[in-house]
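Basis for what follows: all heavy atoms, side chains included, without hydrogens, waters or symmetry-related copies. Predicted model, so just to flag it, every value in this text is computed and none were measured.
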Amino acid sequence: PIYGKPEEEALLRALRSGKWGKLDGTEVATFERDFAKYHQSEHAIAVVNGTVSLQIALMAAGVKAGDQVIVPPYTFLATATAVVTANATPVFADIDLDTFNICPKAIEAAITPRTKAIIPVHFGGLPADMDAIMAIAQKHNLIVIEDAAHAHGAEYKGRRVGSIGHMGSYSFQSSKNLTSGEGGIITVTDPTL
């Protein structure tokens, strides 16, 4: 991790406040607000890690047992295991060999009557083809949850990833480009979600 005086001061401010939890301190609420604004979303909800952010987003989307969620096979295993922990079935749609992101044609071919959501991964910070993915989702009435664990601050046609789909999921695990050692956050614009 890269850190300096501002991070040290923020850490000491939280430490000395004696209010370390999300419910009684102000640091997390400030971070949620600033993160949402930076990522062009109305809301951001901090959670324990990126895997949990995917699981909660799936639950908020109404995904349940018997449902299918389309995911790429080339990603960290949490993209698929979050679907399993939400009691749904991951369905793999192959990647585009030029971008290593999920291929929109493969998504279309993988859709069944049980499909409820798509989780494109912006692999290595390179945005997936969100125009095509959102068009497919609209055509089939599907929820799109962007896995932006690698893509803090990345843009697709002038919009920050995580604000294009219905929800965005980020990780702050120690190998990510924005890290706090661990943690995650969900971005969402639709207040009903």
Side-chain angles (χ1 to χ4, degrees), residues 32 35-36 39-93 95 100-104 106-108 110-112 114-156 159-173 176 183-193:
E32 289 172 331
F35 192 90
H39 285 89
Q40 301 170 330
S41 293
E42 291 295 318
H43 308 281
I45 302 135
V47 296
V48 69
N49 61 46
T51 304
V52 169
S53 67
L54 286 169
Q55 182 181 353
I56 291 170
L58 288 161
M59 293 166 53
V63 172
K64 59 188 180 318
D67 291 342
Q68 295 177 341
V69 178
I70 297 173
V71 300
Y74 189 61
T75 182
F76 183 63
L77 62 94
T79 308
T81 60
V83 175
V84 173
T85 58
N87 292 317
T89 303
V91 174
F92 295 104
I95 59 169
F100 297 105
N101 284 324
I102 195 166
C103 175
I107 292 171
E108 189 86 56
I111 293 172
T112 73
R114 293 175 42 204
T115 305
K116 297 296 182 229
I118 305 165
I119 303 178
V121 175
H122 304 299
F123 197 82
L126 178 66
D129 185 349
M130 291 306 294
D131 286 345
I133 292 167
M134 293 308 292
I136 293 166
Q138 184 173 10
K139 176 181 171 185
H140 296 279
N141 196 30
L142 303 174
I143 294 287
V144 175
I145 301 166
E146 297 175 73
D147 185 334
H150 295 179
H152 310 79
E155 290 187 4
Y156 176 84
R159 290 188 63 196
R160 302 262 193 220
V161 298
S163 70
I164 302 164
H166 299 93
M167 287 176 272
S169 168
Y170 299 82
S171 172
F172 304 122
Q173 186 265 343
K176 303 304 185 272
I185 201 163
I186 304 162
T187 54
V188 61
T189 300
D190 181 347
T192 62
L193 291 171

Which distance, rounded to the nearest 0.5 Å, do you find between the [atom1] of [X] and the [atom2] of [Y]?
X: E146; Y: T187; atom1: CD; atom2: OG1; value: 7.0 Å
X: T189; Y: I164; atom1: OG1; atom2: CD1; value: 10.5 Å
X: Q68; Y: I118; atom1: CD; atom2: CD1; value: 12.5 Å
X: E108; Y: K139; atom1: CD; atom2: NZ; value: 4.0 Å
X: S169; Y: N49; atom1: OG; atom2: CG; value: 9.0 Å

**Study point:** Residue list, side chain to side chain donor-acceptor pair (under 3.5 Å) with E155, at least two apart or on another chain
**Key:**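 E155 satisfies side chain to side chain donor-acceptor pair (under 3.5 Å) with R160 once adjacent residues are dropped.
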Exercise for review: May I have the step-by-step check of side chain to side chain contact (heavy atoms under 4.5 Å, CB included) for H140 and T115, ending in yes or no?
Suggested key: CA-CA 9 Å; H140 296 279; T115 305; over 6 Å; no
Exercise for review: Could you go through the side chain to side chain contact (heavy atoms under 4.5 Å, CB included) check for I111 and L142 one step at a time?
Suggested key: CA-CA 10 Å; I111 293 172; L142 303 174; 3.9 Å; yes
Practice item. Please confirm whether the backbone N or O of A128 pairs with a side-chain atom of H122, one donor and one acceptor, at under 3.5 Å? Key: yes
Point to revise | Any V91 side-chain heavy atom under 4.5 Å of R114 side chain | key: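 Counting from C-beta outward, V91 and R114 never come under 4.5 Å.
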Review point. Is the shortest heavy-atom distance from the side chain of P120 to the side chain of M130 under 4.5 Å?
Key: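 SC-SC contact between P120 and M130 confirmed.
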Study note, to complete from the structure: Taking every heavy atom of A151 against every heavy atom of V161, the minimum-distance pair comes out as O-CG2, 3.4 Å
Exercise for review: Determine the interplanar angle of the Y74 and F100 rings, folded into 0 to 90°, and report it as parallel if under 30°, tilted if 30 to 60°, perpendicular if over 60°.
Suggested key: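 Ring orientation, 0 to 90° scale: tilted.
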Practice item. Can you label the angle between the H152 ring and the H39 ring as parallel, tilted or perpendicular, going by 30° and 60°? Key: perpendicular
Review point. Which residue pairs satisfy the salt bridge (charged side-chain N to carboxylate O under 4.0 Å, His left out) criterion with at least one member in residues 51-71, sequence neighbours excluded?
Key: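 The answer is K64-D67.
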Review point. Sequence neighbours excluded, which residues qualify as salt bridge (Lys or Arg N to Asp or Glu O under 4.0 Å) partners of D190?
Key: none
Check your understanding: Only one of L54, D147, V47, I185 forms a side chain to side chain contact (heavy atoms under 4.5 Å, CB included) with Y170, so which one is it?
Key ->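 With Y170 as partner, side chain to side chain contact (heavy atoms under 4.5 Å, CB included) holds for just one option, I185.
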Point to revise | Qualifying residue for side chain to side chain contact (heavy atoms under 4.5 Å, CB included) with I119, from I70, I102, V144, V83 | key: V83
Review point. Without hydrogens or angle criteria, can the side chains of Y156 and D129 be said to hold a donor-acceptor pair below 3.5 Å?
Key: yes
